Amino acid sequence: MFSSLSRILLLLVTQSLATHIYGQDCSCSSVVVSTHVDTLIAKDPSDPFGGLQSNATDLRRLNETYDTFGVFCAPTQKTAQSTDVVQLLVHGFSYTNEYWSPATEEFQNQSYAAYACERGLSTFAIDVLGTGQSTRPANASDVQYASTSAVISQLARHLKSTSIIPGVESFKQVIGVGHSAGSASLIYGAIVEAENSPLDALVLTGEVTLQPGGLSIPGIVSGRDDTPLRWSSLDPNYVTVTSTDRTLFYPADTSLFSPRMVTYDGFTKDLGPTSLLAALGFSSLSVNYTGPVAKVVGLQDQLICVGTGRCDDIEALNAAERVLWPKAKSFEVILTEGGHCMNLDFLAEGAFSVVVGLVKQFAGLN
Ligand SMILES: *[C@@H]1O[C@H](CO)[C@@H](O)[C@H](O)[C@H]1NC(C)=O
Ligand SMILES: *[C@@H]1O[C@H](CO)[C@@H](O)[C@H](O)[C@H]1NC(C)=O
Ligand SMILES: *[C@@H]1O[C@H](CO)[C@@H](O)[C@H](O)[C@H]1NC(C)=O
Ligand SMILES: *[C@@H]1O[C@H](CO)[C@@H](O)[C@H](O)[C@H]1NC(C)=O
Ligand SMILES: *[C@@H]1O[C@H](CO)[C@@H](O)[C@H](O)[C@H]1NC(C)=O
């Protein structure tokens with residue numbers, strides 16, 4: 001009830017000025033884009049390769065139209081770089097578009113959208129299928145990497161062909177910037193679409209190649225058990241991470257983040273389907289994508305780096321990751337300071353600077 005009502009209201013406020021970011025010279029608008037996906041997905045949503053290794057008998061057709069909510073931000077002062085290039089920002093598991101710009105003034109320094117905008121770059125931060133104010137299919141098994149990535153590709157094509165709000169022309173380049181499971185969605189799309197991908201470059205934060213079962217996150221719980229007030233009527237396969245376990249997304253050193261950020265994170269967290277955790281084994285498959293690619297990983301990332309030895313030797317990490325992208329125009333892994341949710345700790349500006357640098361380099365800007 002609440003969500004359908006809020007969706008109607010949001011459609012009405014579409015194109016009005018939002019206050020999601022605090023940069024003085026940026027304006028942001030809430031946008032809802034409808035996309036049609038027609039794709040094959042795994043019958044078993046716990047398939048470790050997300051259907052990519054399956055034969056036809058293990059797949060089913062998903063032919064649906066979904067709404068995607070997003071926040072578009074652009075510098076008020078238009079330049080070629082802000083009107084030609086847009087970053088499509090794809091959040092990770094149990095977050096929403098707010099990962100890229102927490103909607104409270106205290107955390108203005110955690111806003112990647114504001115940081116990028118102040119440096120002349122436009123962003124479109126979406127709520128991934130099944131989260132936030134985007135369509136949440138009743139059956140969680142409809143939300144898999146095959147469907148999230150299909151929506152993302154359709155959005156990228158939309159951004160390149162159509163004006164999303166009055167006064168903003170279609171873009172020449174769309175660069176995918178992901179975090180964690182959002183990076184995984186971009187990789188899934190890069191496997192499926194390869195040289196036909198509508199994304200001109202990929203910046204993948206908070207993600208490394210995993211073998212099936214290679215990641216375990218504590219505190220996974222059905223949304224309806226965790227927060228009945230919000231989610232009691234939902235499919236139990238929509239899950240979240242308990243508010244107490246979310247500190248794992250931050251550095252182990254508690255002086256590196258605000259305890260109020262973790263509290264805020266707990267209040268604003270969202271859901272994802274179990275499939276997004278179960279299917280990460282596909283990230284060990286080879287990708288024929290042809291654009292430039294970079295992965296950005298935080299050294300204080302307790303899911304990826306700390307205690308794993310993985311981030312001790314950057315040459316070895318680069319070699320292990322690069323081999324899966326044989327046709328990429330360029331590929332590198334960059335280690336930065338920061339935890340798993342590198343936007344949300346006090347080290348965020350270091351990660352922001354690396355990501356903006358990569359986006360400008362890939363877009364061919366200065
Ligand atoms: C499809 O894969 C399943 C196991 O995943 C197997 O049992 C079945 O024989 C395969 N079918 C074909 C036509 O290859
Ligand atoms: C797929 O969905 C479209 C749009 O809803 C519809 O027109 C079409 O008939 C569907 N195709 C099949 C095979 O169901
Ligand atoms: C944000 O960062 C700037 C520059 O580092 C600093 O001066 C300011 O106090 C910070 N603001 C908040 C709310 O933390
Ligand atoms: C969800 O969809 C799958 C595949 O169509 C089906 O097997 C399953 O029973 C559905 N679950 C619910 C709760 O409707
Ligand atoms: C990638 O391209 C190679 C040929 O260059 C092909 O053998 C392989 O099947 C392709 N991979 C995928 C996932 O399509």
Side-chain angles (χ1 to χ4, degrees), residues 3 32-68 129-131 134-155 157-158 176 183-199 202 204 207 209-212 221-225 228 231-240 271-293 321-331:
S3 73
V32 176
V33 181
S34 179
T35 55
H36 179 233
V37 302
D38 187 355
T39 188
L40 293 172
I41 67 173
K43 285 178 181 166
D44 174 7
S46 67
D47 177 69
F49 292 100
L52 285 176
Q53 305 281 63
S54 302
N55 61 35
T57 51
D58 293 329
L59 298 171
R60 65 183 171 94
R61 184 176 181 182
L62 185 75
N63 182 32
E64 297 286 345
T65 299
Y66 296 124
D67 282 346
T68 296
L129 178 66
T131 69
S134 293
T135 302
R136 175 141 41 219
N139 190 327
S141 74
D142 287 354
V143 187
Q144 301 184 20
Y145 286 110
S147 40
T148 59
S149 65
V151 170
I152 290 164
S153 289
Q154 294 297 67
L155 289 171
R157 293 196 169 92
H158 185 85
S183 295
S185 286
L186 292 170
I187 295 170
Y188 195 103
I191 293 175
V192 172
E193 305 221 39
E195 73 275 17
N196 299 318
S197 171
L199 292 161
L202 300 175
L204 307 166
E207 193 277 344
T209 298
L210 294 168
Q211 297 301 323
V221 59
S222 279
R224 69 181 190 186
D225 296 334
W231 296 316
S232 65
S233 61
L234 297 186
D235 182 335
N237 291 313
Y238 280 117
V239 295
T240 190
L271 304 169
T274 50
S275 67
L276 295 195
L277 303 171
L280 282 167
F282 83 79
S283 70
S284 62
L285 303 177
S286 179
V287 194
N288 284 341
Y289 179 74
T290 50
V293 182
E321 296 281 334
R322 182 181 290 128
V323 70
L324 295 176
W325 299 80
K327 298 180 183 171
K329 186 175 176 200
S330 64
F331 181 91

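Just so you know, these numbers come straight off a predicted model, no measurement behind them. Positions are given from 1, in the same order as the sequence printed here. For ligands, and for the atoms within them, numbers begin at 1 and follow the listed sequence.
Atoms of ligand 5 found under 4.0 Å from any heavy atom of Lys327, numbered from 1 in the order shown, are 1 (C), 2 (O), 3 (C), 4 (C), 5 (O). The distance from ligand 4 to the heavy atoms of Ser141 drops below 4.0 Å at these ligand atoms: 1 (C), 2 (O), 3 (C).
In terms of polar-atom proximity, defined here as any N/O pair under 3.5 Å, Asp142 makes no such contact with ligand 4. At a 3.5 angstrom cut-off on N or O pairs, Thr65 does not count as close to ligand 2. For ligand 5, the polar-atom distance check against Ser286 finds no nitrogen or oxygen pair separated by under 3.5 Å.
Aromatic ring orientation, Trp325 versus Tyr289: perpendicular (interplanar angle above 60°, classes split at 30° and 60°).
The presence of a protein heavy atom under 4.0 Å from atom 7 (O) of ligand 5 is ruled out. There is a protein heavy atom closer than 4.0 angstrom to atom 2 (O) of ligand 4.
Scanning all protein heavy atoms for the shortest distance to atom 9 (O) of ligand 2 gives Asn63 ND2, 4.7 Å. Scanning all protein heavy atoms for the shortest distance to atom 14 (O) of ligand 4 gives Asn139 ND2, 3.5 Å. In terms of protein heavy atoms, atom 13 (C) of ligand 2 is closest to Arg61 NH1, 3.1 Å.
When Asn288, Ile191, Val192 are checked for heavy-atom proximity to atom 10 (C) of ligand 5, Asn288 turns out nearest.
Taking each heavy atom of Val293 and Leu204 in turn, the nearest pair found is CG1-CD1, 3.8 Å. Across all non-hydrogen atoms, the minimal contact from Glu64 to His36 is O-CD2, 3.1 Å. Closest approach of Ser283 and Leu210 over heavy atoms only: OG-N, 2.8 Å.
Residues Gln53 and Leu285 meet the side-chain proximity criterion, which asks for heavy atoms closer than 4.5 Å.
Under 4.0 angstrom from ligand 2, the non-hydrogen atoms of His36 all belong to its side chain.
Within the structure, ligand 4 lacks Lys43 among the residues with a heavy atom less than 4.0 angstrom away.
Looking only at distances, a side-chain donor or acceptor of Ser147 sits under 3.5 Å from a matching main-chain atom of Gln144. Using a distance-only test at 3.5 Å, with no hydrogens or angles considered, a donor-acceptor pair links the side chain of Ser275 to the main chain of Val143. Judged purely by atom type and a 3.5 angstrom limit, Ser153 uses its side chain to pair as donor or acceptor with the backbone of Ser149.
Atom NZ of Lys43 and atom OG of Ser141 lie 12.5 Å apart (nearest 0.5 Å).
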